[in-house]
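These values consider heavy atoms only, across backbone and side chains, with no hydrogens, waters or symmetry-generated copies. As the structure is a prediction and not an experimental result, all values here were calculated from the model.
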Amino acid sequence: MVERNYFGTDGIRGRVGEHPVTPDFVLRLGWAAGRVLAGEGGRKVVIGKDTRLSGYMFESALEAGFAAAGVHTLMLGPMPTPAIAYLTRTMQAAAGVVISASHNPHYDNGIKFFGHNGYKLDDAAETAIEGLLDSQPDLVSCDSLGRATRVGDAPGRYIEFCKSSIDRQVHLCGLRIVVDCAQGATYQVAPAVLRELGADVIVMGNTPDGLNINVECGSQAPGALQERVVSEGADAGLAFDGDGDRVVMVDSRGRLIDGDGLLYIIAAARRAKGQLNGSIVGTQMTNLGLEIALRSMGIGLERTKVGDRYVLERLLQVNGTLGGESSGHIICLDRTTTGDGLVSALQVLEAMVSSERPLSELLDDIEFYPQRLVNVPLLKGVNVLDSPQLQEAVNEVESELGERGRVLLRASGTEPLLRVMVEGRDAEQVSSLAEQLAQAAATAAERAVVN
């Protein structure tokens with residue numbers, strides 16, 4: 001096994017212009033991936049991207065790399081990440097490639113892969129690609145070079161798929177919905193799907209300029225959406241992240257509903273119809289209130305490490321069909337193969353229509369515990385989780401919380417941050433303890449740099 005120096009839990013990601021997110025590296029990545037796929041008999045891949053300006057550059061680099069390896073590329077243009085997964089399967093491609101850094105700022109970008117089956121590329125394939133990345137690309141013969149083709153009807157194909165993910169008898173007529181597309185990859189398809197299903201749609205964050213993706217909008221900053229839903233008298237609001245694999249929602253009162261709330265609504269609706277298989281899969285960040293509410297309905301909750309890759313792995317292990325993260329990354333395996341913000345939102349809207357209840361009432365039977373998450377910046381390569389002083393601070397907080405809460409510290413898999421989370425029944429206590437732990441983590445980080 002070759003050591004994985006580049007692939008993280010969600011592909012390769014970083015700051016544009018800094019290794020490995022550079023045009024020359026991405027060209028080699030395309031060639032290496034093409035060599036691996038060609039060796040397995042695959043000569044066609046699909047490539048999609050979000051709306052970052054740098055996406056044009058990396059799209060061209062990938063295309064050149066695949067062509068050099070003799071692999072044809074179908075260029076989809078700006079499309080949500082889950083759309084790439086879907087189209088990889090339906091267009092019978094050997095793999096799908098997404099150029100995106102998800103919820104990160106425009107100056108970051110990344111590359112992630114889907115296999116021919118629409119699931120994230122397996123570890124063996126990623127390891128094989130890494131084994132070629134330090135090699136000098138060699139071209140196939142000129143008559144075997146790959147070709148690039150633009151696919152003009154890609155948005156329409158995905159729109160029809162999304163519409164088919166809910167009962168054909170369900171229409172959104174009479175619903176007024178505000179949708180925030182985060183200036184990202186859903187800016188065309190999300191409003192189209194909702195309108196074609198009959199909703200009255202008000203759109204925000206749908207004028208991307210290559211630099212404004214995720215800026216004060218979308219699932220990471222839903223404040224403006226909350227205000228707009230109330231001012232427009234809307235029934236619901238949807239906020240996606242930059243690449244469209246996450247969604248959070250807002251009810252008519254302006255109340256934010258994160259991934260845990262969405263999981264509860266979808267799980268309750270599936271259970272009522274006898275369509276729920278296995279346990280629900282959450283993560284270490286999943287709210288304790290969701291676990292308690294699910295247990296009261298006779299539904300188990302499995303917890304994994306944070307990351308949709310781990311949620312998917314556990315779902316397959318327990319033969320489950322529904323899982324996700326508090327961030328709004330929901331996986332409905334009975335509908336698709338990966339987290340899909342638009343498909344997930346449609347399941348919630350279907351629950352509203354089928355139950356004839358407003359979104360604000362669908363969470364009446366669940367009590368969420370207050371959580372406070374604080375991000376502590378770290379220098380790259382600095383590890384503070386082994387700090388004795390920080391561990392002592394954690395022990396003190398856990399002692400104070402007792403059985404009424406919990407603490408979680410974890411390093412981000414995509415950014416140089418330590419995420420400090422405290423959960424409990426008393427919001428004021430939770431906030432105070434989270435700040436206390438964050439300060440202890442910051443101090444430990446400073447000591448680690450000095451040493």
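To the nearest 0.5 Å, the span separating OG on Ser102 from CG on Asp50 amounts to 8.5 Å. We find the CD-NZ distance between Glu59 and Lys49 to be 3.5 Å, quoted to the nearest 0.5 Å. Atom CZ of Arg13 sits about 9.0 Å away from atom CG of Asn109, to the nearest 0.5 Å. Going from atom CZ of Arg303 over to atom CD1 of Ile280 covers 13.0 Å, rounded to the nearest 0.5 Å. One finds the OG1 atom of Thr337 at 6.0 Å from the OH atom of Tyr119 (value rounded to the nearest 0.5 Å). The CE atom of Met249 sits 13.0 Å away from atom CG of Asp180, with the distance rounded to the nearest 0.5 Å.
With hydrogens and angles ignored, the 3.5 Å screen pairs no side-chain donor or acceptor of Thr283 with any backbone N or O of Val306. A distance-only check finds no donor-acceptor pair linking the side chain of Ser144 to the backbone of Val140 [under 3.5 Å]. Side-chain atoms of Glu325 never come within 3.5 Å of backbone atoms of Thr286 as a donor-acceptor pair (strictly under, hydrogens ignored). The backbone N or O of Pro105 lies less than 3.5 Å from a partner atom in the side chain of Arg52, making a donor-acceptor pair. Side chain of Ser354 to backbone of Ala351: no donor-acceptor contact under 3.5 angstrom is found. Judged by distance alone, the side chain of Thr22 and the main-chain N or O of Glu18 form no donor-acceptor pair under 3.5 Å. Side-chain atoms of Gln389 never come within 3.5 Å of backbone atoms of Ala444 as a donor-acceptor pair (strictly under, hydrogens ignored). Between the Arg406 side chain and the Gln284 main chain, a donor and an acceptor come within less than 3.5 Å of each other.
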Run the side-chain contact (heavy atoms from CB on, under 4.5 Å) check on Phe161 and Leu87 step by step: do they pass? CA-CA 10 Å; Phe161 161 69; Leu87 291 168; over 6 Å; no
Could you go step by step and tell me if Met91 and Arg157 meet the side-chain contact (heavy atoms from CB on, under 4.5 Å) rule? CA-CA 10 Å; Met91 301 184 79; Arg157 294 182 185 215; 3.6 Å; yes
side-chain contact (heavy atoms from CB on, under 4.5 Å) evaluation trace for Leu27 with Asp24: CA-CA 5 Å; Leu27 188 151; Asp24 58 323; 5.7 Å; no
Residue pair Val98, Ile111: steps toward the side-chain contact (heavy atoms from CB on, under 4.5 Å) verdict: CA-CA 6 Å; Val98 182; Ile111 310 292; over 6 Å; no
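Counted by atom type alone, Asp241 and Ser219 present zero donor-acceptor pairs between their side chains at under 3.5 Å. A side-chain donor from one of Arg419 and Ser412 sits under 3.5 Å from a side-chain acceptor of the other. Remark: the Asp243 side chain and the Thr81 side chain contain an N/O donor-acceptor pair separated by less than 3.5 Å. Judged purely by distance below 3.5 Å, without hydrogens or angles, the side chains of Tyr158 and Asp340 pair a donor atom with an acceptor atom. Side chain to side chain, Gln347 and Ser165 meet the donor-acceptor criterion of an N or O pair below 3.5 Å.
The residue from Arg246, Lys120, Arg309 that alone fulfils the salt bridge (Lys or Arg N to Asp or Glu O under 4.0 Å) condition with Asp10 is Lys120. Ser326 pairs with exactly one of Asp258, Asn287, Asp260 by the side chain to side chain donor-acceptor pair (under 3.5 Å) rule, that one being Asp260.
Ring centers of Tyr6 and His19: under 6.0 Å apart, within the cut-off.
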Quick one: side chains of residues 61-77, donor-acceptor pairs under 3.5 Å with protein atoms, not counting sequence neighbours, listed by atom name and distance.
from  : atom 1 : to     : atom 2 : distance (Å)
His72 : ND1    : Arg147 : N      : 2.9

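Within the 4.5 Å cutoff, side-chain heavy atoms of Cys181 are placed close to those of Val179. By the 4.5 Å heavy-atom criterion applied to side chains, Val26 and Ile12 are not counted as neighbours.
For Gln391, the side-chain hydrogen bond (donor to acceptor under 3.5 Å, both in side chains) criterion is met by Asn395, not counting sequence neighbours. Checked against ring pair (Phe, Tyr, Trp, His ring centres under 6.0 Å), Phe114 has no partners two or more places apart in sequence or in another chain.
Both tests do not hold together for Lys112 against Phe7: distance to the six-membered ring centre under 6.0 Å, angle to the ring axis within 45°.
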